[in-house]
Amino acid sequence: MSAADEETALLGLAPVAPDRTVAYGPHPDQVVDLYGPRPDGGAGSEVSGPLVVLLHGGFWRAAYDRRHLSPLAAALAGQGLPVALAEYRRVGGGGGAPRTFEDVAAAVEAAADGRRREVVLVGHSAGGHLALLAAARPGTPVRRVIAVSPVADLARAHELGLSGGAVAELLGPGPGFAARLAAADPVRRPPAGVPVTILHGTDDPDVPPDLSRRYAAASPATTTLRELPGVGHYAPVTPGTAGFAALLSLLRPPRST
């Protein structure tokens, strides 16, 4: 499947409505959609895995929202995983640094709701960047990160001018740009004690796999890089693909006998 076909396959899926939505702030984008079994043991099917908090991508821009990952959220919920699909303020819609980062941290806390349950943060593309950054915050409830095709090296992404200068848009112009870049770059802020697994297709045309390789090289003790040969940017978050099966296997590893 070509990169264009992968994008069409994901974006062509009909959005799936959540079971319920909770707000974590007054802005319309400060919400979390909940799918599947409830982590508090309430009504619904049996919980058989961790609480999965999903962060969507779109190069941090308001033009891209969480709806394109709703089929993924529903598919994971169908496997017995409670899922929280988080929205956050984005560039062009009241977001950008530091508001976007603050929203993600608040969304994770709202999804976890103080419960002592394993929280796995799964982020795709720019959402992978946000997942890595959120896991490095002191006191985070996140216990594992799975970053899918992440913008894992922000400085390198800026050098490459990915998506027409998306990093510069995220961080904003003016004095102090270098400091803002350093503070928001996962390569410089690996999460202490939180294991990270990166899934990245070798044929990704949107986020070069080299960004993930650079991150893994910078934090080898806590990071596992799994490259998917011949896979592009969208297949791992598209239900029914081999890339999705790889993601699911990380969330529900085989039980030992």
Side-chain angles (χ1 to χ4, degrees), residues 11 14-36 38-40 51-74 76-77 82-115 119-142 145 147-148 150-151 154 163-174 176-177 179-181 183-186 189 237:
L11 301 185
V16 181
D19 296 312
R20 57 194 178 104
T21 299
V22 297
Y24 62 88
H27 193 279
D29 287 334
Q30 292 176 314
V31 294
V32 177
D33 290 338
L34 303 178
Y35 293 78
R38 291 172 55 177
D40 60 2
L51 170 62
V52 179
V53 180
L54 286 181
L55 298 174
H56 72 85
F59 281 106
W60 312 281
R61 294 182 176 122
Y64 306 94
D65 64 22
R66 67 193 185 282
R67 286 177 295 179
H68 70 275
L69 283 195
S70 64
L72 172 64
L76 294 176
V83 179
L85 176 56
E87 191 57 274
Y88 49 89
R89 289 173 292 176
R90 304 172 304 287
V91 176
R99 293 176 296 278
T100 295
F101 310 145
E102 294 167 348
D103 278 7
V104 168
V108 172
E109 292 288 347
D113 197 22
R115 300 184 181 96
V119 174
V120 180
L121 197 49
V122 178
H124 175 239
S125 194
H129 159 263
L130 295 173
L132 294 170
L133 206 59
R137 294 178 72 98
T140 178
V142 175
V145 174
V148 183
V151 186
L154 206 63
S163 191
V167 173
E169 292 178 9
L170 170 70
L171 300 179
F177 180 84
R180 293 195 297 279
L181 178 60
D185 197 339
R189 300 183 61 191
V237 293

Looking at every heavy atom in both [X] and [Y], which two are closest together, and how far apart are they?
{"X": "Gly58", "Y": "Ala126", "value": "N-CB, 4.3 Å"}
{"X": "Tyr35", "Y": "Ser70", "value": "OH-CB, 3.3 Å"}
{"X": "Val142", "Y": "Ala135", "value": "CG1-CB, 4.2 Å"}
{"X": "Pro150", "Y": "Leu132", "value": "CB-CD1, 4.5 Å"}
{"X": "Val16", "Y": "Ala74", "value": "CG1-CB, 3.7 Å"}
{"X": "Val151", "Y": "Pro186", "value": "O-CG, 4.4 Å"}

Below 4.5 Å, heavy atoms only, C-beta onward: do [X] and [Y] meet side chain to side chain?
{"X": "Val32", "Y": "Val22", "value": "yes"}
{"X": "Phe177", "Y": "Leu171", "value": "yes"}
{"X": "Pro141", "Y": "Val108", "value": "yes"}

>> According to salt bridge (charged side-chain N to carboxylate O under 4.0 Å, His left out), does anything in residues 128-137 pair up with another residue at least two apart or in another chain? List the pairs.
In response: none
>> Working note: Trp60 + Val167, criterion side-chain contact (heavy atoms from CB on, under 4.5 Å); need CA distance, chi angles, decisive distance, verdict.
In response: CA-CA 9 Å; Trp60 312 281; Val167 173; 4.1 Å; yes
Hey, what do you get for [atom1] ([X]) to [atom2] ([Y]), rounding to the nearest 0.5 Å?
{"X": "Arg99", "Y": "Leu170", "atom1": "CZ", "atom2": "CG", "result": "10.0 Å"}
{"X": "Thr140", "Y": "Glu109", "atom1": "OG1", "atom2": "CD", "result": "6.5 Å"}
{"X": "Tyr64", "Y": "Ser125", "atom1": "OH", "atom2": "OG", "result": "10.0 Å"}
{"X": "Leu69", "Y": "Leu85", "atom1": "CG", "atom2": "CG", "result": "6.0 Å"}
{"X": "Leu54", "Y": "Glu87", "atom1": "CG", "atom2": "CD", "result": "12.0 Å"}

> Does Arg180 CZ have over 12 foreign heavy atoms under 6.0 Å away?
Replying inline: yes
> Is there a donor-acceptor pair closer than 3.5 Å between any side-chain N or O of Asp19 and the backbone N or O of Gly36?
Replying inline: yes
> Does the side-chain contact (heavy atoms from CB on, under 4.5 Å) test come out yes or no for Leu133 and Val104, once each step is laid out?
Replying inline: CA-CA 9 Å; Leu133 206 59; Val104 168; over 6 Å; no
> Of the options Arg66, Arg89, Arg90, which is the one that meets Asp29 in a salt bridge (Lys or Arg N to Asp or Glu O under 4.0 Å)?
Replying inline: Arg90
> Parallel, tilted or perpendicular: which describes the rings of Tyr88 and His56, with under 30° parallel and over 60° perpendicular?
Replying inline: parallel
> After noting the C-alpha distance and the side-chain angles of His129 and Phe101, does the key distance pass the side-chain contact (heavy atoms from CB on, under 4.5 Å) rule?
Replying inline: CA-CA 10 Å; His129 159 263; Phe101 310 145; 3.8 Å; yes
